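Starting from 1, each residue takes its place in the sequence as its number. These figures come from a predicted structure and were not determined experimentally.
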Amino acid sequence: MPTYAYRCRVCADSFELNRPMSESSAPASCPQGHDDTVKLLTTVALTGSAQAPAAPSGGGCCGGACGCG
């Protein structure tokens, strides 16, 4: 279930709610009970190790693969 971040306009507290995507636009009350909240834009952090392919070695027009360099 996605986590959505909110900020209360009354007390300035930030908080998060886990709710289904179908309820992503529904109003949210802050933990202090205020109803004047705004949903914050958040980013997704991706982890892992992706490596770029190695650059061709050698010379010529194709990196030496065809024997031209």
Q. Taking only residues two or more places apart in sequence or in another chain, which ones pass side chain to side chain contact (heavy atoms under 4.5 Å, CB included) with R19?
A. Y4, Y6, L17, E23, A26, A28

Q | Residues forming a side chain to side chain donor-acceptor pair (under 3.5 Å) with R7, sequence neighbours excluded | A | S14

Q. With sequence neighbours left out, what residues match T3 under side chain to side chain contact (heavy atoms under 4.5 Å, CB included)?
A. E16, N18

Q. Taking only residues two or more places apart in sequence or in another chain, which ones pass side chain to side chain contact (heavy atoms under 4.5 Å, CB included) with D35?
A. S29

Q: Keeping to residues at least two apart or across chains, list the ring pair (Phe, Tyr, Trp, His ring centres under 6.0 Å) pairs with something in residues 20-48.
A: none

Q: Find out whether C11 and C30 are in side-chain contact, i.e. whether some heavy atom of one side chain is under 4.5 Å from a heavy atom of the other.
A: yes

Q. Can you name the closest pair of heavy atoms from A5 and T42 and give their distance?
A. CB-CG2, 3.7 Å

Q) side chain to side chain donor-acceptor pair (under 3.5 Å) with S25: which residues, sequence neighbours excluded? A) none

**Q.** For F15 against C8, the heavy-atom pair lying closest together
**A.** CE2-N, 4.3 Å

